[in-house]
Amino acid sequence: MSEHLTVVDHPLVQHKLTLMRDKGASSAEFRQLLHEITLLLAYEITREMPMTTRAIETPMEEMDAPILAGKKLALVSILRAGNGMLDGVLELVPSARVGFVGLYRDEETLKPVQYYFKVPEGLNNRLVIVVDPMLATGNSSAAAIDLLKQAGATDIRFLCLLAAPEGVERMKEAHPDVPIVTASIDRELNSKGYILPGLGDAGDRMFGTK
Ligand code: URA
């Protein structure tokens, strides 16, 4: 993708996002809306996938028809909230391999620490789409992408639902080669690293925890 940041302002995305932000939405509604928005965002992030042509015959005549060139795709979820976006992308690209990165924040150093890392082989030959609904400080996203680059990934895109300006800046600094697709850039982070106006804790809202 050529743009570093794409905000998908499609009316359906914005409408569904408003329903998700509303604190009255149930966990079931929240998950369903996240799934639906992910389909629409995935449509955008898969733009500019390499294409080729295949010779086919329609009932009318022969043609060279456009088809994906078959670059393999790896989808990587940043635990745990990223899991809410997996099915949406897999519905569009069912053959994608799936990986998981788990990070927690060390309370003393405030740095992200890895507790789980399992990704498909051959990341160097794959388009890697990292999913996490909330790009807040950007620290865990940047750290996850560091790990993926160490594992060989060179063609990475980041898909999120909401982003804070601080997180976008952090990512631009750390990984200017990684395009970001999101449904909204919100106003700011609060002192605890939550996005404002945001939608609260995405994992808690998705899974009904607190
Ligand atoms: N993670 C969340 O789930 N929500 C935020 O607002 C920030 C980070």
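For clarity, every value in this text was computed on a predicted model and none was experimentally measured.
- Atom-to-atom distance recorded for L92:CG and L75:CG is 10.5 Å, nearest 0.5 angstrom.
- We find the NZ-CG distance between K16 and L39 to be 9.0 Å, quoted to the nearest 0.5 Å.
- Minimum interatomic distance between L135 and I195 (heavy atoms only, all atoms of both residues): O-CD1, 3.6 Å.
- Within a 6.0 Å radius of NZ in K172, no more than 12 heavy atoms belonging to other residues, nucleotides or ligands are found.
- The heavy-atom pair separating M171 from S141 by the smallest distance is SD-CB, 3.9 Å.
- I180 CD1 to R157 CZ: the interatomic distance, rounded to the nearest 0.5 Å, is 13.0 Å.
- In terms of heavy-atom proximity, L17 sits nearest to S184 at CD2-CB, 3.8 Å.
- With a 6.0 Å radius and a threshold of 12 heavy atoms from other residues, nucleotides or ligands, Y43 has its OH atom at or below the threshold.
- No side-chain donor-acceptor contact under 3.5 Å links T52 to the backbone of A69.
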Show your reasoning for whether side-chain contact (heavy atoms from CB on, under 4.5 Å) applies to E29 and D22.
CA-CA 11 Å; E29 287 163 341; D22 191 324; over 6 Å; no

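- Not a single donor-acceptor pair under 3.5 Å links the side chain of D64 to the backbone N or O of T53.
- Annotation: side chain of V13 is not in contact with side chain of E44 (no heavy-atom distance under 4.5 Å).
- R126 places a side-chain N or O within donor-acceptor distance of the main-chain N or O of E121, the cut-off being under 3.5 Å.
- Other residues, nucleotides and ligands contribute at most 12 non-hydrogen atoms within 6.0 Å of the CZ atom of R97.
- With Q14 contributing its side chain and V8 its backbone, the two residues share a donor-acceptor pair below 3.5 Å.
- Within a 6.0 Å sphere centred on NZ of K72, heavy atoms belonging to other residues, nucleotides or ligands number 12 at most.
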Would you check, one step at a time, whether the test side-chain contact (heavy atoms from CB on, under 4.5 Å) holds for R47 with T6?
CA-CA 11 Å; R47 249 182 221 288; T6 305; over 6 Å; no

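- Across all non-hydrogen atoms, the minimal contact from F158 to I78 is CE1-CD1, 4.2 Å.
- Formation of a donor-acceptor pair under 3.5 Å by the R205 side chain with backbone atoms of L199 is found in this model.
- A distance of 11.5 Å separates NE2 of H35 from CG of L86, quoted to the nearest 0.5 Å.
- Of the possible polar contacts, one joining the E166 side chain to the L189 backbone as a donor-acceptor pair under 3.5 Å is found.
- Annotation for G203 and R80: closest pair C-NH2, 3.4 Å, computed over non-hydrogen atoms.
- At distances below 3.5 Å, at least one donor-acceptor pair connects side-chain atoms of R31 with backbone N or O atoms of M206.
- With rounding to the nearest 0.5 angstrom, the OG1 atom of T137 is 7.5 Å from the CZ atom of R170.
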Residue pair H175, I156: steps toward the side-chain contact (heavy atoms from CB on, under 4.5 Å) verdict:
CA-CA 10 Å; H175 299 293; I156 306 175; over 6 Å; no

For the pair F117 and L148, evaluate side-chain contact (heavy atoms from CB on, under 4.5 Å) and give the outcome as yes or no after the intermediate values.
CA-CA 9 Å; F117 188 78; L148 292 168; 4.1 Å; yes

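- Counting all heavy atoms, side chain and backbone alike, M85 lies closest to D132 at SD-C, 3.8 Å.
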